[in-house]
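Reviewing the structure listed below.
All figures in this text were calculated on a predicted structure; none of them were measured in a lab.
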Amino acid sequence: MNLIEFPGLGGLKFNISETIFTIGGFSLRWYAVLILLGILLAGVYAFKNSRRFGLDFDRVLDVVLGGIIGAIIGARLYYVVFSPGEFLKNPMSIFYLWNGGLAIYGGIIGAFLAGFFVCKWRKVPVLPMFDLAGIGFLIGQAIGRWGNFFNVEAFGSNTSLPWGMISDKTSSHLLANFEKLRDLGMDIYPYEAVHPTFLYESLWCALGFLLLHFLSKRRRYDGQIFLMYIGFYGLGRLFIEGLRTDSLLIGFLRISQVVAGLLLITSIVIMLLIKSRIAQERNDEYLPLYVNTPECAKYFEELKNKENKADRVEDNITEDESNINEDEPKNEKDVIDEFKHEDENQDDSTEERDDLDESQNN
């Protein structure tokens, strides 16, 4: 159990555990559950909005599954590449994901690379898919970051703000990295409250989701929302990373800060270039949204025809089964009842003939 205190909030305390339950050698961790919840909600969003981007959800699901695998591999490789000392003595520990060591930027890069190849394989338009995925990523990141709260990680330097947090883990981490953090220009006091930077990033991603969701309804071209995603996330991470005390470093450079800055600049430059080109073209058909193209309309028309054909086949099969049921052999009770009914009819006919004969004789 980890005791987390918030001295500036009236001494608010939480006694939390990293695991939900343990059975034998298996432990279900909050971190894994929250990441899966984020993926699930992102999938629900994709399901409800895929048609708005001109995408078929069945194929979108294939891309999402491929992206998840790519994200896990990318997140781990990114961490291993930039902190190799931890794995030189025991290379097999690279595969010990349950011990932590996943980098979000590696996850993003891995997810989009894997997603790109799956898009090509499944013939899904890449840019609309990336637009949708960018919004979904913000959902997953906003929720997944709370896993850091339960692990008591991804926190920042000291702060006197009311929401500053403190625990044994924060104190021990600051003590263990005291000299390194001082060299980075941080004034460190191990037994004082620190920034809950995981919370800052969670709120930033939640805000980004709301903004990009509404902006996506007015997007001008495919890929615009994806560029906004990497720019928006890069802007927030650029500042939040400067507060963190667990950054991956190259010398005195925080790798995630450098990547965040590059993403922010790249996204702004590309969007400005596209905006300038659109102004020069003065053509409403320049960079049309895929969802508005004849190609997209044709695809969904073919998909609808296939669904209708499948429904007709299913109806025919149901009708055939119904006819077969009507022709099924009668059971013993039905046969006996039928014979009784025939005998009654025969008796009635005999009585009618006798009455007729008697009438004629008279």
Side-chain angles (χ1 to χ4, degrees), residues 1-22 27-35 37-38 75 79 82-83 86 97-105 107 140-208 233 235-249 252-257 260:
M1 301 292 286
N2 298 307
L3 179 64
I4 301 178
E5 300 181 56
F6 294 86
L9 297 176
L12 186 64
K13 298 180 181 181
F14 295 96
N15 204 14
I16 62 174
S17 173
E18 298 177 14
T19 60
I20 301 174
F21 63 80
T22 300
S27 296
L28 183 62
R29 298 165 65 95
W30 279 108
Y31 192 88
V33 169
L34 289 166
I35 288 177
L37 178 61
Y79 184 85
F82 290 109
S83 54
E86 297 182 28
L97 299 181
W98 52 89
N99 289 336
L102 299 173
I104 184 62
Y105 272 125
Q141 288 170 262
I143 296 172
R145 274 300 175 192
W146 281 93
N148 300 133
F149 172 71
F150 287 94
N151 286 353
V152 194
E153 60 188 6
F155 50 81
S157 56
N158 297 119
T159 180
S160 58
L161 292 170
W163 49 81
M165 57 180 274
I166 188 170
S167 75
D168 289 341
K169 269 197 167 184
T170 61
S171 297
S172 60
H173 174 80
L174 294 180
L175 280 171
N177 294 275
F178 185 85
E179 294 297 333
K180 182 177 73 173
L181 295 173
R182 280 293 177 93
D183 290 342
L184 290 173
M186 290 183 169
D187 291 327
I188 297 300
Y189 303 94
Y191 299 103
E192 294 186 8
V194 298
H195 286 284
T197 49
F198 71 88
L199 173 63
Y200 301 163
E201 188 166 333
S202 176
L203 294 175
W204 182 253
C205 289
L207 175 62
Y233 181 70
L235 175 63
R237 189 64 184 265
L238 184 66
F239 290 99
I240 294 171
E241 189 68 24
L243 298 173
R244 287 181 58 167
T245 58
D246 59 347
S247 301
L248 296 175
L249 302 171
F252 294 104
L253 291 177
R254 300 172 185 267
I255 298 168
S256 290
Q257 241 182 344

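- Among residues two or more places apart in sequence or in another chain, the side-chain hydrogen bond (donor to acceptor under 3.5 Å, both in side chains) test is passed with Trp146 by Ser202.
- Across every non-hydrogen atom of Met1 and Asn15, the tightest pair is CE-O, 3.4 Å.
- In this structure, OG1 on Thr197 lies 8.0 Å from CD on Glu241, to the nearest 0.5 angstrom.
- Atoms NZ and CG, from Lys180 and Asp246 in turn, are 8.5 Å apart once rounded to the nearest 0.5 Å.
- The side-chain heavy atoms of Ile166 and Ser171, taken from C-beta on, include a pair separated by under 4.5 Å.
- Of the inter-residue distances, the one linking Arg244 atom CZ with Leu184 atom CG reads 13.5 Å to the nearest 0.5 angstrom.
- The salt bridge (charged side-chain N to carboxylate O under 4.0 Å, His left out) search around Arg145 returns Glu201, not counting sequence neighbours.
- In this structure the side chain of Leu181 never reaches within 4.5 angstrom of the side chain of Ser157, judged on heavy atoms.
- By the side-chain hydrogen bond (donor to acceptor under 3.5 Å, both in side chains) test, Gln257 is found to be paired with no residue, residues two or more places apart in sequence or in another chain being considered.
- Arg237 places no side-chain N or O within 3.5 Å of a backbone atom of Tyr105 that could act as its donor or acceptor partner.
- Within the 4.5 Å cutoff, no side-chain heavy atoms of Leu12 are placed close to those of Glu5.
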Could you give me the CA-CA distance, side-chain angles and deciding distance for Trp30 and Asn151, then say whether side-chain contact (heavy atoms from CB on, under 4.5 Å) is met? CA-CA 8 Å; Trp30 279 108; Asn151 286 353; 5.9 Å; no
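- Between Leu238 and Ala260, the shortest heavy-atom distance links the atoms N-CB, 3.8 Å.
- Each of Val194, Leu9, Leu199 was checked for a side chain to side chain contact (heavy atoms under 4.5 Å, CB included) with Met165, and the lone residue meeting it is Val194.
- Aromatic pair Phe150/Phe14: ring centres not closer than 6.0 Å.
- Taking both residues in full, the closest heavy atoms of Gly242 and Arg254 are given as O-NH2, 3.7 Å, listed atom of the first, atom of the second, then distance.
- Within the structure, every pair that satisfies the side chain to side chain donor-acceptor pair (under 3.5 Å) test and touches residues 159-168, not counting sequence neighbours, is listed here: Trp163-Tyr200.
- Residues satisfying the side-chain hydrogen bond (donor to acceptor under 3.5 Å, both in side chains) test with Lys13, not counting sequence neighbours, are none.
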May I have the step-by-step check of side-chain contact (heavy atoms from CB on, under 4.5 Å) for Ile240 and His195, ending in yes or no? CA-CA 10 Å; Ile240 294 171; His195 286 284; over 6 Å; no
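- Here the side chain of Ser17 pairs a donor or acceptor atom with the backbone of Thr19 at under 3.5 angstrom.
- Residue Ile143 holds its CD1 atom at 11.5 Å from CD1 of Ile35, rounded to the nearest 0.5 Å.
- Rounded to the nearest 0.5 angstrom, Thr245 OG1 and Leu174 CG are separated by 5.5 Å.
- Judged as a ring pair (Phe, Tyr, Trp, His ring centres under 6.0 Å), the pairs with a partner in residues 166-190 (not counting sequence neighbours) are, in order, Phe155-His173.
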Could you walk me through whether Ile104 and Tyr233 pass the side-chain contact (heavy atoms from CB on, under 4.5 Å) check? CA-CA 11 Å; Ile104 184 62; Tyr233 181 70; 3.6 Å; yes
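- What you find for Gly164 and Ala193 is that their closest heavy atoms are C-CB, 3.7 Å.
- Taking CG of Leu248 as the start and CG of Leu253 as the end, the distance is 12.5 Å to the nearest 0.5 Å.
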